[in-house]
Amino acid sequence: MLSVSKRLARGGLLVALAAIFSYLEALFPLPLGIPGLKLGLANVVIVFALYCYGWRTAFWVSLCRILLVSFLFANLAMAMYSLAGALFSLLVMALLRSCRCFSLWGVSMAGGVTHNLAQLLLASLLAGTKTIWAYGALLVPVGVLTGLLIALLFARSRRALVFLWAAPAAEPDLDQGRKILQEKKH
């Protein structure tokens with residue numbers, strides 16, 4: 001069992017990495033003409049936290065990242081939309097992961113779709129209109145595609161991230177990293 005200080009340090013590193021991804025996305029918006037559309041690169045870190053450390057760690061990393069990024073680079077409205085999307089998508093992903101009947105790909109796609117639907121629900125409630133749900137016809141497939149992208153990025157970077165966090169010293173311990181990977185497969 002990790003000490004509290006090691007868990008806090010690990011969580012801080014995850015929050016920092018997720019915040020960096022969020023900041024990079026803000027610097028380089030997608031020129032597709034769709035308001036609010038982002039790839040959600042910070043979600044690679046959230047999926048990593050969910051799969052490697054559990055839903056509690058993923059929850060705290062997500063919440064801290066949203067609060068930090070909103071305080072530094074956004075406003076209250078953006079914070080509300082981010083919280084709605086992130087919390088509902090994390091809830092769905094954690095439930096689907098725990099039932100073990102969906103792959104990483106299915107869990108991530110469900111997270112992308114749920115994130116967009118939660119933001120549409122909030123927008124509908126705040127605007128007092130249901131017509132905003134027409135935007136869902138575009139956001140559901142976008143959620144599927146971004147969920148696939150996040151799963152792909154996580155699958156490609158998982159080993160590097162596990163080795164990074166598994167290494168107890170400056171020199172990576174590859175045997176320890178492999179052991180962690182094998183434990184996570186079972």
Side-chain angles (χ1 to χ4, degrees), residues 2 4-30 36-98 104-119 122 139 142-167 172 177 180-181 184:
L2 287 176
V4 172
S5 58
K6 286 185 180 181
R7 284 185 292 164
L8 284 173
R10 180 183 64 204
L13 288 171
L14 290 170
V15 170
L17 186 58
I20 289 167
F21 285 155
S22 292
Y23 180 65
L24 288 173
E25 273 193 313
L27 283 178
F28 306 107
L30 294 175
L37 180 66
K38 291 192 279 186
L39 295 175
L41 295 177
N43 292 319
V44 174
V45 179
I46 304 307
V47 171
F48 173 79
L50 176 65
Y51 272 79
C52 295
Y53 302 118
W55 70 268
R56 285 182 182 91
T57 299
F59 170 80
W60 286 111
V61 169
S62 186
L63 180 65
C64 290
R65 190 259 322 164
I66 290 167
L67 294 176
L68 177 66
V69 170
S70 296
F71 178 72
L72 293 174
F73 311 115
N75 57 42
L76 180 61
M78 291 177 87
M80 289 183 347
Y81 284 101
S82 291
L83 280 171
L87 296 179
F88 279 106
S89 68
L90 181 58
L91 174 68
V92 166
M93 288 191 303
L95 289 171
L96 293 178
R97 166 117 169 83
S98 69
L104 162 67
W105 306 94
V107 169
S108 187
M109 285 189 296
V113 170
T114 305
H115 187 279
N116 290 344
L117 292 178
Q119 289 186 335
L122 181 61
L139 290 183
V142 166
V144 170
L145 292 175
T146 57
L148 282 171
L149 175 67
I150 296 306
L152 175 67
L153 291 173
F154 169 66
R156 296 285 186 200
S157 63
R158 174 190 242 172
R159 290 184 183 186
L161 291 170
V162 168
F163 286 144
L164 176 67
W165 269 278
I180 290 173
L181 280 175
K184 295 298 177 187

Heavy-atom closest contact ([X] atom, [Y] atom, distance):
| X | Y | answer |
| --- | --- | --- |
| Glu25 | Leu39 | OE2-N, 2.9 Å |
| Ser108 | Ile150 | OG-CB, 3.7 Å |
| Ala18 | Arg65 | CB-CG, 3.4 Å |
| Leu14 | Val61 | CB-CG2, 3.8 Å |

Is it true that a side-chain atom of [X] and a backbone atom of [Y] form a donor plus acceptor pair closer than 3.5 Å?
| X | Y | answer |
| --- | --- | --- |
| Asn43 | Ile46 | no |
| Thr57 | Gly54 | no |
| Ser62 | Ala58 | no |
| Gln119 | Gly85 | no |
| Ser98 | Leu95 | yes |
| Thr114 | Gly111 | no |

(message) If you count heavy atoms of other groups shown closer than 6.0 angstrom to CE of Met80, is the number above 12?
(response)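 Counting other residues, nucleotides and ligands, CE of Met80 exceeds 12 neighbours.
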(request) Would you please classify the geometry between the Tyr51 ring and the Phe154 ring as parallel, tilted or perpendicular, with 30° and 60° separating the classes? (result) tilted
(message) If you define the side chain from C-beta out and look only at heavy atoms, does anything of Phe59 sit under 4.5 Å from Leu87?
(response) yes
